[in-house]
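Below is one structure, written out as structure tokens, with a few remarks after it.
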There are 2 protein chains.
Amino acid sequence: MNLTLREELKAKKQAYVQDEILATAAKLFAEGGIRGVTIDDIASSLGYTKSVVYYYFKNKNQVLWEIFTKIHDAWWADMESLVKTDDPPNSMLASMIRKHALNVMDRAAWSAIYFRDQGELTDAQQKVITKRKREYDQLFKQVYQKGVEQGIFQDIPTTLVVNSIIGICNSTHAWYKSGGPLTPDRIADHYASLVLQGCCLKSTPSAG
Amino acid sequence: MNLTLREELKAKKQAYVQDEILATAAKLFAEGGIRGVTIDDIASSLGYTKSVVYYYFKNKNQVLWEIFTKIHDAWWADMESLVKTDDPPNSMLASMIRKHALNVMDRAAWSAIYFRDQGELTDAQQKVITKRKREYDQLFKQVYQKGVEQGIFQDIPTTLVVNSIIGICNSTHAWYKSGGPLTPDRIADHYASLVLQGCCLKSTPSAG
DNA sequence: AGAAATTTCGACCGGAGCGTCAACAGATTC
DNA sequence: GAATCTGTTGACGCTCCGGTCGAAATTTCT
């Protein structure tokens, strides 16, 4: 068999197992906290022994790190594509809020880790994540700022507005349970309208 | 010396040292996570050995538990006294939001623990805290419901409204740093007006 | 001063969990 | 069938940390 082809197959299989491990780890980490979950827990939850996890990952920290990078990359891609459209700031901001809220609910376990357990990373990793979160916030700030310049948003410090937005959406992971009377769409819509009503000037009923 | 008087003095001194330990523990826990901070860390941060901590507290869990109960009791008392006034729902809700936000910023370390580390408690303790948090939310829900009945608030599911409120305020602990350009009062005011504008019917400009 | 209560110390135990390692098993290639 | 690559096993070492304990030190009372 061709060498590169074999390597490719191997990589594909390993990626599959890695994803499986990451998904299980995320679920357990979210419930029990990073330190409260052992590698044994993750492995046996999949019918493996812990050596298997160490075969696919260097150590516990790498498992955690991949969770952070994977979720961030996915969210970042989503948000960047929204920003590229040429919607007006109010509908763009609404779309961004909805998307962010839906993303949080879609992967509540991963979100819980992403917002709660940054302190479990190494100092260097924390710096990277902090920077990426700032860049992510920046996307929101730019849109809001544009709306202020166009006179359709109230001139409130963008830091305050964006932190409110992120704060509302992120808190969802703490209480949202799928299957309840409130659907993710309904919740996301509410968040968008709450912020838009709360920040838009009263002369722009288009937001309501 | 009178026996009961001596006991009283002893209790008073012990309470003082306990508070000192709790304050330090809360600060360290908030930064490093519950499991990331050892009893040795707490003790040596005060110039003690860990045996001293074990003299004043049964174990690590009791230290954590007291942090939870102390902060809850303080917040509950604040909110209950606000609810007792006969202000109309809109200004009462605004006061409650402001108060909650200010409380979170006033003790950011304790708040971080209260919202982030409930999972580190025993199952029984978690049940108690969950119940108390629900009762706390209930205070907000009642006020909002009253406003809906009076026709001054939009008829949105109270769960959604209250979780938004709590979510906004609680997220503050993650980014607020005292000494910045944004004062706690300014932040609290913004939160109150954001929610009131976002939830009140447009026919009640008194909220703006 | 001497006795009693209070507080502090430092050594120690035991368990838990991370990460390693040598060996083994199964598949694949030659 | 032998050799190699891939995946898996279970046991082990090591460190860290929660919690205990007896003794020492300090303070308070008589």
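Every chain is numbered from 1 and lettered A, B, ... according to where its sequence line falls, protein lines coming before strand lines.
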For residues 40-52 of chain A, which residue pairs pass the side-chain hydrogen bond (donor to acceptor under 3.5 Å, both in side chains) check, not counting sequence neighbours?
A/Glu20-A/Tyr48, A/Thr38-A/Asp41
Do A/Tyr191 and A/His100 have side-chain atoms, one donor and one acceptor, less than 3.5 Å apart?
no
Ring pair (Phe, Tyr, Trp, His ring centres under 6.0 Å) partners for A/Phe68, two or more places apart
A/Tyr114
Grab the NZ-C1' distance between B/Lys13 and D/dT28 for me, whole Å please.
11 Å
Partner residues of A/Arg132 under the side chain to side chain contact (heavy atoms under 4.5 Å, CB included) criterion, sequence neighbours left out
A/Thr69, A/His72, A/Asp73, A/Val128, A/Glu135
Minimum-distance nucleotide (side-chain atoms of B/Gln14 versus D/dG7, D/dG18, C/dT7)
C/dT7
A/Phe57 and side-chain contact (heavy atoms from CB on, under 4.5 Å): which partner among A/Ile42, A/Leu64, A/Leu22?
A/Leu22
Atom OH of A/Tyr48 and atom C1' of D/dG10 are separated, to the nearest Å, by 18 Å
Give me the residues of residues 17-42 of chain A where at least one heavy atom lies under 4.0 Å from an atom of DNA chain D, by number, or none.
none
List for me each residue that meets ring pair (Phe, Tyr, Trp, His ring centres under 6.0 Å) alongside A/Phe115, sequence neighbours excluded, and say none if there are none.
A/Trp75
Check: A/Asp19 main-chain N/O paired with A/Lys70 side-chain donor or acceptor under 3.5 Å
no
Test your reading of the model: is there a side-chain donor-acceptor pair from B/Gln125 to the backbone of B/Leu121, 3.5 Å cut-off?
no
Hey, is the side chain of A/Ser51 pairing donor to acceptor with the base of D/dG10 inside 3.5 Å?
yes
With rounding to the nearest 0.5 Å, note down the distance linking SG in B/Cys199 to CG in B/Asn90.
12.0 Å
Counting only distance, no hydrogens or angles, is the base of D/dG18 paired donor-acceptor with the side chain of B/Lys50 under 3.5 Å?
yes
Starting at NZ of A/Lys10 and ending at C1' of C/dA27, how long is that distance when rounded to a whole Å?
14 Å
Nucleic acid contacts of residues 56-67 of chain A, taken as heavy-atom distances under 4.0 Å to DNA chain D:
A/Tyr56
Identify which nucleotide among C/dT20, D/dT20, C/dT7 has an atom closest to any side-chain atom of B/Tyr55, counting heavy atoms from C-beta outward.
C/dT7
Send over the distance from A/Leu46 CG to D/dT8 C1', rounded to a whole Å.
14 Å
